[in-house]
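Notes follow once the structure below has been shown.
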Amino acid sequence: MALTKFTRSSLESRNTLRDAVIIIDNIVYDVTEFLEEHPGGAEILLDNAGKDASQCFHDVGHSDTAFEWREKFKIGEVVDEDKWEVKPREAYAVQEHDELTLASLLSVWGPPLVMAGISALLYMYLFQ
Ligand code: HEM
């Protein structure tokens, strides 16, 4: 059966507790019944309701379970003219790896290393 088609603008106002839809990868999901069940909370879904939530959905790194669950809420897709490029799931995961920079490593390991250095110097100064 062909999926119902929606323009993005026709979905913009569907962002309330009584009627909440989100778009992920050009597919439209009615998450009204899911708001209270969502493990990530209702608020984040409502903040993204009526809009494209692809980036947020993928950035969270949702599990396979989440991918299965979302199928239950599918109500259609966006019209061809409003379709956006769909990035493969791996593309989001790769981005996260790219963010492992020297700065992010130092922000974690920097303070303990500095403390260890100071302790070693103090030890040498006091006991040698
Ligand atoms: C129909 C759509 C969605 C379904 C079925 C869904 C399902 C889930 C599930 C099952 C979890 C638990 C963790 C996991 O298994 O991945 C979760 C967590 C979460 N979700 Fe969703 N979700 C949906 C949409 C979204 C969207 C659009 C956003 C962001 C705008 C979002 C943000 C989050 C956050 C922040 C968490 C918590 C992650 C954590 O605690 O580590 N979700 N969701």
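As the structure lists them, so they are numbered: ligands from 1, and atoms in each ligand from 1.
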Tell me whether K72 contacts the main-chain N or O of E68 through its side chain, where contact means a donor paired with an acceptor under 3.5 Å.
no
Suppose we measure from atom 14 (C) of ligand 1 to each protein heavy atom; which comes out shortest, and what is that distance?
S63 OG, 3.2 Å
How close does the nearest protein non-hydrogen atom get to atom 36 (C) of ligand 1, and which residue and atom is it?
G40 CA, 3.4 Å
Between D19 and N15 (side chain of the first, backbone of the second, donor and acceptor by atom type, cut-off under 3.5 Å), is there such a pair?
no
Shortest protein contact, atom 11 (C) of ligand 1 (heavy atom only)
P39 CG, 3.4 Å
Has D25 got a side-chain atom pairing as donor or acceptor with I27's backbone, closer than 3.5 angstrom?
no
Pair V21, Y29 - check side-chain contact (heavy atoms from CB on, under 4.5 Å), show working.
CA-CA 5 Å; V21 300; Y29 300 91; over 6 Å; no
Please tell me if atom 40 (O) of ligand 1 is touched by the protein, where touching means a protein heavy-atom distance below 4.0 Å.
no
I'd like to know if atom 18 (C) of ligand 1 has any protein heavy atom within a distance of less than 4.0 Å.
yes
Closest to atom 1 (C) of ligand 1 among protein heavy atoms sits R70 CB, 3.4 Å
Report the nearest protein non-hydrogen atom to atom 7 (C) of ligand 1: residue, atom name, distance rounded to 0.1 Å.
A66 CB, 3.6 Å
Does ligand 1 have a heavy atom under 4.0 Å from the side chain of L45, from its backbone, from both, or from neither?
side chain
For the pair W69 and F34, name the ring-plane relationship: parallel under 30°, tilted 30 to 60°, perpendicular over 60°.
perpendicular
For atom 21 (Fe) of ligand 1, angle spanned by H62 NE2 and H38 NE2 (nearest 10°) is 170°
Can E77 and K5 be counted as an ion pair, charged N to O under 4.0 angstrom?
yes
Nearest protein heavy atom with distance in Å, relative to atom 30 (C) of ligand 1
C56 SG, 2.3 Å
Close approach, F34 and ligand 1, non-hydrogen under 4.0 angstrom:
yes
Measuring from M124:CE to S119:OG, what's the distance to the nearest 0.5 Å?
11.5 Å
Closest to atom 3 (C) of ligand 1 by heavy-atom distance, out of F57, F67, W69, is F57
Check the surroundings of atom CD in E71: do more than 12 heavy atoms from other residues, nucleotides or ligands lie under 6.0 Å from it?
yes
Distance in Å, D30 CG paired with I75 CD1, rounded so as to fall on 0.5 Å steps:
5.0 Å
Protein residue, atom and distance nearest to atom 27 (C) of ligand 1, heavy-atom basis
A53 CB, 3.5 Å
N or O contact, N48 vs ligand 1, cut-off under 3.5 Å
no
Tell me: protein heavy atom nearest atom 38 (C) of ligand 1, and distance?
V60 CG1, 3.9 Å
Using a strict threshold of under 4.0 Å (side-chain N to carboxylate O), is an ion pair present between R89 and D64?
yes
